[in-house]
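Order of appearance sets the numbers: ligands from 1, and atoms from 1 within every ligand. What you see is a predicted model; the values in this text were computed from it and never measured.
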Amino acid sequence: MIQLKDKTFEVFLSQQEILNRIETVANQINEDYKQKFPLFIAILNGAFMFASDLVKNITLPCNITFVKVASYQAMQSSGTVKSLIGLPENIANRDVIILEDIVDTGITMDQILNDLLQKKPASVEVATLLLKPEALQKKVELKYVGFEIPDKFVVGYGLDYDGLGRNLPDLYVLKEEVYSL
Ligand code: IMP
């Protein structure tokens, strides 16, 4: 168990479990994009570890770039999504694969997809490490999903709680408080 500020978290997925699953997802991408030259766009900050471990298993010629979108404050989705920062201009006719840490409400991914599609890529698919199916509010197509998880707050492996915990190699879930009278 770990303590970050006022919250206690417990291990939910070990680094090894995460890496095993990422290898499977990467192999699927290698298969699906044979003869292609994909452009991976990783969403900072949260996806940096996922992107790093995924692309190490990609055997295709590829480009990797990073963009930023700030839409989340502490433990609640603010609902206001800012536009993408650092999106390359030359994505027309490219086969784009977005790398995201987690899809929660789907609002961020919906916005990202809308922004990207305006640049006329040949195709866009999403690879997200985590998905909270119960929290989804937008219909977004997610071709590659690492793990479907319950609608609970998680940290570690790139994800943060108020800026903390991104460095943790395992993924942790918020420990439920037990209230007694
Ligand atoms: P969405 O727009 O609600 O899908 O939120 C997506 C973004 O919210 C992710 O890229 C994360 O940065 C953040 N987020 C959502 N759920 C969690 C969580 O459980 N832990 C940490 N960050 C989260």
(request) Heavy-atom contacts with Leu159 under 4.0 Å: which atoms of ligand 1 show up? List them by number with element. (result) 20 (N), 21 (C), 22 (N)
(request) Any atoms of ligand 1 less than 4.0 Å from a non-hydrogen atom of Thr108? List them with their elements. (result) 1 (P), 2 (O), 5 (O), 6 (C)
(message) Could you check whether any heavy atom of Lys132 sits closer than 4.0 Å to an atom of ligand 1, since that is the contact criterion I want to use?
(response) yes
(request) Would you check whether Val154 has a nitrogen or oxygen atom less than 3.5 angstrom from a nitrogen or oxygen atom of ligand 1? (result) yes
(request) Check whether any side-chain N or O of Thr128 sits under 3.5 Å from a backbone N or O of Leu131 as a donor-acceptor pair, and report yes or no. (result) no
(message) With a 4.0 Å cut-off on heavy atoms, is Val69 in contact with ligand 1?
(response) no
(request) Can you measure from CG (Asn30) to CD (Glu23) and round to the nearest 0.5 angstrom? (result) 10.0 Å
(request) For Glu141, enumerate each residue passing the side-chain hydrogen bond (donor to acceptor under 3.5 Å, both in side chains) test, keeping only those at least two apart in sequence or located in another chain. (result) none
(request) Mind checking side-chain hydrogen bond (donor to acceptor under 3.5 Å, both in side chains) for Lys139 and listing every partner two or more places apart, or none if nothing turns up? (result) none
(request) State whether the shortest distance between N or O atoms of Glu100 and N or O atoms of ligand 1 falls below 3.5 angstrom. (result) yes
(request) Describe, in one word, how the ring planes of Tyr33 and Tyr144 are oriented to each other, choosing from parallel (under 30°), tilted (30 to 60°) and perpendicular (over 60°). (result) tilted
(request) Give the numbers and elements of all ligand 1 atoms closer than 4.0 Å to a heavy atom of Thr105. (result) 1 (P), 2 (O), 3 (O), 4 (O)
(request) May I ask you to list the atoms of ligand 1 that are less than 4.0 angstrom from any heavy atom of Asp160? (result) 21 (C)
(message) If we ignore hydrogens and angles and just use 3.5 Å, is the side chain of Gln3 paired with the main-chain N or O of Lys5 as donor and acceptor?
(response) yes
(message) So, taking the atom named CG in Asp101 and the one named CD1 in Ile43, what distance separates them when rounded to the nearest 0.5 Å?
(response) 9.0 Å
(message) Please determine whether any non-hydrogen atom of Gly46 lies less than 4.0 Å from an atom of ligand 1.
(response) no
(request) Kindly confirm or rule out an N or O of Val155 lying under 3.5 angstrom from an N or O of ligand 1. (result) no
